[in-house]
*Asks:* 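For reference, the structure I am asking about is given below.
Throughout, a chain's letter reflects where its sequence line sits, starting with A, and its residues are numbered from 1. This structure is a prediction, so every number in the text was calculated from the model and none was measured.
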Amino acid sequence: MTQREVVSFIEALALANPNASSELVFTNAYTLLVSVVLSAQATDVSVNKATVGLFADAPDPATMVRLGEDGVARHIRTIGLWRAKAKNVVALSQVLIDRHGGEVPSDRLSLEALPGVGRKTANVVLNVVFGESTMAVDTHILRLGNRTGLAPGATPRAVEDQLVKRIPRDMLRPSHHWLILHGRYVCKARAPECWHCVGRPYCHYPDKRLEPV
DNA sequence: ATCCCGAGGG
DNA sequence: CCCTCTGGAT
């Protein structure tokens, strides 16, 4: 896809989704961070179902540590990978208390040092909470980037670097949400709905589905 | 059977 | 570079 087509594609997504935002339910930096940690290999809907009760019991790091792994696990057992996630959420909360005054740090190094937080989660927090122009590449963006030709790359990091390089700086931050929503609801993994895709003129996917099944 | 806003360990 | 962790929706 040419540079001009990349910009046209992103502009079309912007028009189609003027107020795109995260679909995770959160009220502050801490609840966003925990929600994103819980969202690995899980849908936002299932995460939100579990966090209602979790954050009612433990809205901050101190209460989360007090709740403990078993207490957290009770709330999130409906989400995949719940054992590791319960452990990480408690450990991460303890680190926030010990090293960051109970607050969520605003730099990548500190974020990625938290248990259960890798590059993708750090990028989401930096983008949503701290207003940075990061591009968090999840399964949707990895698929969409390769399928459409927008950002070919074998790994999330390769796709991230492509997107950062090709999307104009002033569009990069909101592009994260535009791309995720497009991947989730239009450029879907199983049956992409190309018939109402605004990126169709630029997309390289050879098997465009031009009408509903 | 495949997929979902991955990370850590070997 | 694997592999494992994990459950609900489709």
Side-chain angles (χ1 to χ4, degrees), chain A residues 13 17 20-26 29-54 69-70 72-95 104 108-130 132-147 150-151 153-160 163-164 167 172-193 207 209 212-213:
Chain A
L13 290 179
N17 243 317
S21 64
S22 175
E23 296 195 330
L24 292 169
V25 176
F26 63 97
Y30 177 67
T31 50
L32 172 70
L33 172 62
V34 172
S35 294
V36 179
V37 168
L38 295 181
S39 72
Q41 300 298 299
T43 61
D44 282 1
V45 174
S46 69
V47 171
N48 290 334
K49 257 182 229 172
T51 53
V52 172
L54 177 64
E69 282 183 39
D70 292 341
V72 174
R74 272 206 315 280
H75 285 290
I76 68 170
R77 241 168 245 180
T78 50
I79 307 178
L81 316 181
W82 57 270
R83 221 182 296 268
K85 289 174 181 174
K87 187 173 190 166
N88 284 333
V89 166
V90 172
L92 154 177
S93 300
Q94 186 66 60
V95 174
V104 176
R108 175 185 300 285
L109 210 62
S110 300
L111 285 168
E112 292 189 11
L114 298 171
V117 178
R119 185 175 182 87
K120 184 262 172 180
T121 300
N123 275 335
V124 174
V125 172
L126 289 171
N127 182 306
V128 174
V129 178
F130 298 109
E132 291 197 25
S133 296
T134 57
M135 176 55 65
V137 176
D138 68 338
T139 179
H140 294 298
I141 297 187
L142 184 71
R143 176 183 67 250
L144 189 159
N146 281 290
R147 180 187 278 166
L150 180 66
T155 64
R157 185 58 192 272
V159 170
E160 176 185 337
L163 290 171
V164 169
I167 297 176
L172 195 53
R173 185 186 179 209
S175 292
H176 166 234
H177 294 301
W178 295 333
L179 291 172
I180 284 185
L181 291 182
H182 190 63
R184 182 177 299 162
Y185 297 116
V186 181
C187 196
K188 302 188 292 184
R190 297 173 199 246
E193 301 181 0
D207 302 319
R209 189 190 296 269
V213 180

*Asks:* For A:Ile79, which contact category applies under a 4.0 Å heavy-atom criterion: base, sugar-phosphate, or nothing?
*Replies:*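 The residue A:Ile79 makes sugar-phosphate contact but no base contact.
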
*Asks:* Report yes or no: is there a donor-acceptor pair, N or O only, under 3.5 Å between the side chain of A:Ser46 and the base of B:dC4?
*Replies:*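 Absent.
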
*Asks:* When you compare C:dG8 with B:dA7, how far apart are their P atoms, in angstrom units rounded to a whole number?
*Replies:*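 That atom pair is separated by 22 Å.
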
*Asks:* Taking distance alone, no hydrogens or angles, what donor-acceptor pairs closer than 3.5 Å link side-chain atoms of residues 180-190 of chain A to residues at least two apart or in another chain?
*Replies:*
from	atom 1	to	atom 2	distance (Å)
A:Arg184	NH1	A:Glu23	OE1	2.4
A:Arg184	NH1	A:Asp44	OD2	3.4
A:Arg184	NH2	A:Asp44	OD2	3.1
A:Tyr185	OH	A:Glu23	OE1	2.8
A:Tyr185	OH	A:Glu23	OE2	3.3
A:Lys188	NZ	A:Glu193	OE2	2.7

*Asks:* So does A:Arg83 get a side-chain nitrogen or oxygen closer than 4.0 Å to the phosphate oxygens (OP1/OP2) of C:dT6?
*Replies:*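 So the side-chain polar atoms of A:Arg83 do come within 4.0 Å of the phosphate oxygens OP1 or OP2 of C:dT6, strictly under.
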
*Asks:* In whole Å, what is the span from the OH atom of A:Tyr185 to the C1' atom of B:dC5?
*Replies:*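 The distance from OH of A:Tyr185 to C1' of B:dC5 comes to 11 Å, rounded to the nearest Å.
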
*Asks:* Which nucleotide, C:dT6, B:dA7, B:dC5, lies nearest any side-chain atom of A:Trp82?
*Replies:*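 Among C:dT6, B:dA7, B:dC5, the one nearest the side chain of A:Trp82 is C:dT6.
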
*Asks:* Could you give the CG-to-C1' distance, from A:Asn48 to C:dG8, as a whole number of Å?
*Replies:*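 Value for this atom pair: 14 Å.
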
*Asks:* Measure from NZ on A:Lys85 to P on B:dG8 and round the result to the nearest Å.
*Replies:*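 So the two atoms are 13 Å apart, to the nearest Å.
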
*Asks:* Rounding to a whole Å, what distance do you find between A:Lys87:NZ and B:dG8:P?
*Replies:*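 Distance check: A:Lys87 NZ to B:dG8 P gives 12 Å.
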
*Asks:* Does B:dC4 have OP1 or OP2 sitting under 4.0 Å from an N or O in the side chain of A:His140?
*Replies:*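 For B:dC4, OP1/OP2 do have a side-chain N/O of A:His140 under 4.0 Å.
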
*Asks:* Starting at CG of A:Leu163 and ending at P of B:dC5, how long is that distance when rounded to a whole Å?
*Replies:*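 It is 17 Å, rounded to the nearest whole Å.
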
*Asks:* Take atom P in B:dC5 and the same atom in C:dC3, then report the distance between them in whole Å.
*Replies:*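 Between the two P atoms, the distance is 24 Å.
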
*Asks:* Just the rounded figure in Å: distance from P of C:dC5 to CZ of A:Arg77.
*Replies:*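 Distance check: A:Arg77 CZ to C:dC5 P gives 17 Å.
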
*Asks:* Output the distance between atom CG (A:Leu54) and atom CG (A:Leu38), rounded to the nearest 0.5 Å.
*Replies:*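 A:Leu54 atom CG to A:Leu38 atom CG measures 6.5 Å (nearest 0.5 Å).
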
*Asks:* With a 4.0 Å cut-off on heavy atoms, is A:Pro156 in touch with a base, just the backbone sugar-phosphate, or nothing at all?
*Replies:*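 Contact class for A:Pro156: none.
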
*Asks:* Between A:Gln41 and A:Arg190, which has a closest nucleotide on DNA chain C that is more 5'?
*Replies:*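 Whichever sits nearer the 5' end wins; that is A:Gln41.
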
*Asks:* Return yes if some donor-acceptor pair links the side-chain N/O of A:Lys120 with the main-chain N/O of A:Ala40 below 3.5 Å, else return no.
*Replies:*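 Looks like no, no N/O pair under 3.5 Å.
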
*Asks:* I need the NZ-P distance between A:Lys49 and B:dC4, as an integer number of Å.
*Replies:*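 It works out to 17 Å between those atoms.
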
*Asks:* Can you figure out which of B:dC3, B:dC5, C:dG8 approaches the side chain of A:Thr78 most closely?
*Replies:*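 Selected nucleotide (nearest to the side chain): C:dG8.
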
*Asks:* Pick the nucleotide of DNA chain B nearest each of A:Asn88 and A:Ala42; which residue has the one closer to the 5' end?
*Replies:*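 Residue closer to the 5' terminus by nearest nucleotide: A:Ala42.
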
*Asks:* Just call it for A:Val124: base, sugar-phosphate, or nothing, with non-hydrogen atoms closer than 4.0 Å on any strand.
*Replies:*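 Base contact.
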
*Asks:* Please tell me which of the listed nucleotides, B:dG6, C:dT6, B:dC5, lies nearest to the side chain of A:Ser39?
*Replies:*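 Given the options B:dG6, C:dT6, B:dC5, the side chain of A:Ser39 is closest to B:dC5.
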
*Asks:* Rounding to an integer number of Å, can you tell me how far A:Lys120 NZ sits from B:dG8 P?
*Replies:*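 Computing the A:Lys120:NZ to B:dG8:P distance gives 13 Å.
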
*Asks:* May I ask you to say what A:Thr121 touches in the nucleic acid, namely base, sugar-phosphate or nothing, with a heavy-atom cut-off under 4.0 Å?
*Replies:*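 Since only primed, P, OP1 and OP2 atoms lie under 4.0 Å of A:Thr121, the category is sugar-phosphate.
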
*Asks:* Does A:Asn127 offer a backbone N or O that forms a donor-acceptor pair with the side chain of A:Arg173 under 3.5 Å?
*Replies:*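 Indeed, once roles are kept as given, a pair shorter than 3.5 Å links the two residues.
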
*Asks:* Do other residues, nucleotides or ligands put more than 12 heavy atoms under 6.0 Å from the CG atom of A:Asp207?
*Replies:*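 Yes - once you tally the heavy atoms of other residues, nucleotides and ligands closer than 6.0 Å, there are more than 12.
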
*Asks:* Map A:Val117 and A:Thr43 onto DNA chain B by nearest heavy atom, then report which one ends up closer to the 5' terminus.
*Replies:*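 Counting from the 5' end, the first nearest nucleotide belongs to A:Thr43.
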
*Asks:* Kindly compute the distance separating CD1 (A:Ile167) from CE (A:Met135), expressed to the nearest 0.5 Å.
*Replies:*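 Going from the CD1 atom of A:Ile167 to the CE atom of A:Met135 covers 4.5 Å.
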
*Asks:* Could you tell me whether the phosphate oxygens of B:dC5, OP1 or OP2, come under 4.0 Å of any side-chain nitrogen or oxygen in A:Arg184?
*Replies:*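 For A:Arg184, the contact criterion (side-chain N or O under 4.0 Å from OP1 or OP2 of B:dC5) is met.
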
*Asks:* Which part of the nucleic acid, if any, lies within contact of A:Leu114, taking any heavy atom under 4.0 Å across all strands shown: a base, the sugar-phosphate backbone alone, or nothing?
*Replies:*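 It contacts sugar-phosphate atoms only.
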
